[in-house]
**Q** 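Before anything else, here's the structure in question.
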Amino acid sequence: MSLRQILIHPDPRLKTPAKPVASVTDELRRLADDMLETMYDAPGIGLAAPQVGVLTRILVMDCVKDPELPPRPMVLINPEVTWSSEELTTYEEGCLSIPDQYAEVERPAEVKVRWMDLNGAWQEEHFTKLWATCVQHEIDHLDGKLFIDYLKPLKRQMITRKMVKLKRELARG
Ligand code: NI
């Protein structure tokens, strides 16, 4: 396993819809392992392949934040929301591609999601609470959408300017 570099917004790869996975290969398994390692290392609760520069529909997540509880690493390939609740919920979201910036985003409170697992089998689960918010945020990444796209233009531009500045500083080293 190895850590992958997480792209920082703005980057065209974060705005590009990702392509469906045709079949589960060893390369895809390696990517999933690397993504989980990269997510835990960050640390974060979710990571989508475009965030490490791979435009493929795969995401990883683990929303178990309590260190006393066992971790639940999940790998979702070609995930699709099959049902969303009418009830909405607001959560203060962040993103590993937009470090240290947080904003409230309103989304369906619960969703059902169907995906393929690393054995090529289809799974479906009803997600609630933080898991529901996280899986929707990560699926958005696969569609080239960021949580700041839900914010008012002024707020979005302010965050983007901060990120441009951060990237300049990081490039300078
Ligand atoms: Ni994100």
Side-chain angles (χ1 to χ4, degrees), residues 1-21 28 31-65 71-81 84 88-111 113-115 125 127-167 169-170:
M1 290 206 291
S2 55
L3 293 177
R4 306 255 182 149
Q5 197 185 346
I6 298 175
L7 300 179
I8 307 290
H9 165 73
D11 187 296
R13 287 166 287 182
L14 294 172
K15 305 297 285 179
T16 309
K19 292 210 165 65
V21 172
L28 192 80
L31 172 65
D33 281 350
D34 288 354
M35 284 172 61
L36 278 168
E37 194 186 357
T38 304
M39 178 189 81
Y40 285 124
D41 178 75
I45 59 170
L47 186 69
Q51 293 182 274
V52 294
V54 181
L55 294 176
T56 294
R57 300 187 78 83
I58 176 168
L59 65 86
V60 298
M61 60 177 184
D62 183 349
C63 297
V64 178
K65 282 176 116 181
R72 191 191 177 204
M74 296 190 77
V75 177
L76 282 66
I77 300 164
N78 297 340
E80 304 164 23
V81 174
S84 311
L88 303 175
T89 188
T90 299
Y91 195 86
E92 186 161 75
E93 296 190 20
C95 181
L96 293 176
S97 293
I98 311 174
D100 301 321
Q101 303 298 318
Y102 302 91
E104 289 194 337
V105 176
E106 191 178 53
R107 300 181 186 270
E110 301 187 6
V111 285
V113 177
R114 202 172 98 94
W115 72 92
E125 191 167 321
F127 291 103
T128 63
K129 299 180 184 167
L130 182 56
W131 287 91
T133 294
C134 183
V135 75
Q136 291 174 81
H137 173 121
E138 299 310 329
I139 290 173
D140 272 354
H141 275 299
L142 304 181
D143 295 325
K145 194 166 183 182
L146 301 171
F147 82 90
I148 57 171
D149 294 331
Y150 293 94
L151 309 179
K152 294 204 173 77
L154 202 66
K155 172 99 177 165
R156 183 167 63 240
Q157 284 155 16
M158 198 184 78
I159 291 176
T160 298
R161 272 200 296 274
K162 280 187 191 162
M163 292 301 105
V164 168
K165 197 170 159 233
L166 172 69
K167 286 178 80 170
E169 284 165 7
L170 290 173

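Since the model is a prediction, treat every value here as computed from it, not as a measurement. Indexing begins at 1, ligand by ligand and atom by atom, following the structure's order. Just so it is clear, the values below take in all heavy atoms, side chains as well, and ignore hydrogens, waters and symmetry mates.
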**Q** So that I can tick it off, tell me whether Asp33 and Arg4 are bridged by a salt bridge, with the cut-off set at under 4.0 angstrom between side-chain N and carboxylate O.
**A** no

**Q** Would you say Asp140 and Arg107 make side-chain contact, with heavy atoms under 4.5 Å?
**A** yes

**Q** What's within reach of the Ni ion (ligand 1), meaning protein N/O/S atoms under 2.8 Å?
**A** Cys95 SG, His137 NE2, His141 NE2

**Q** Could Lys145 and Asp143 be called an ion pair, given the rule that one side-chain N must be under 4.0 Å from one carboxylate O?
**A** no

**Q** Within a 6.0 Å radius of atom CD on Gln5, are there more than 12 heavy atoms belonging to other residues, nucleotides or ligands?
**A** no

**Q** I'd like to know if the side chain of Glu106 and the backbone of Leu88 have a donor-acceptor N/O pair within less than 3.5 Å.
**A** no

**Q** Looking at residues at least two apart in the chain, or sitting in another chain, which of them share a side-chain contact (heavy atoms from CB on, under 4.5 Å) with Ile77?
**A** Val21, Val24, Leu28, Ile58, Val75, Met116, Leu118

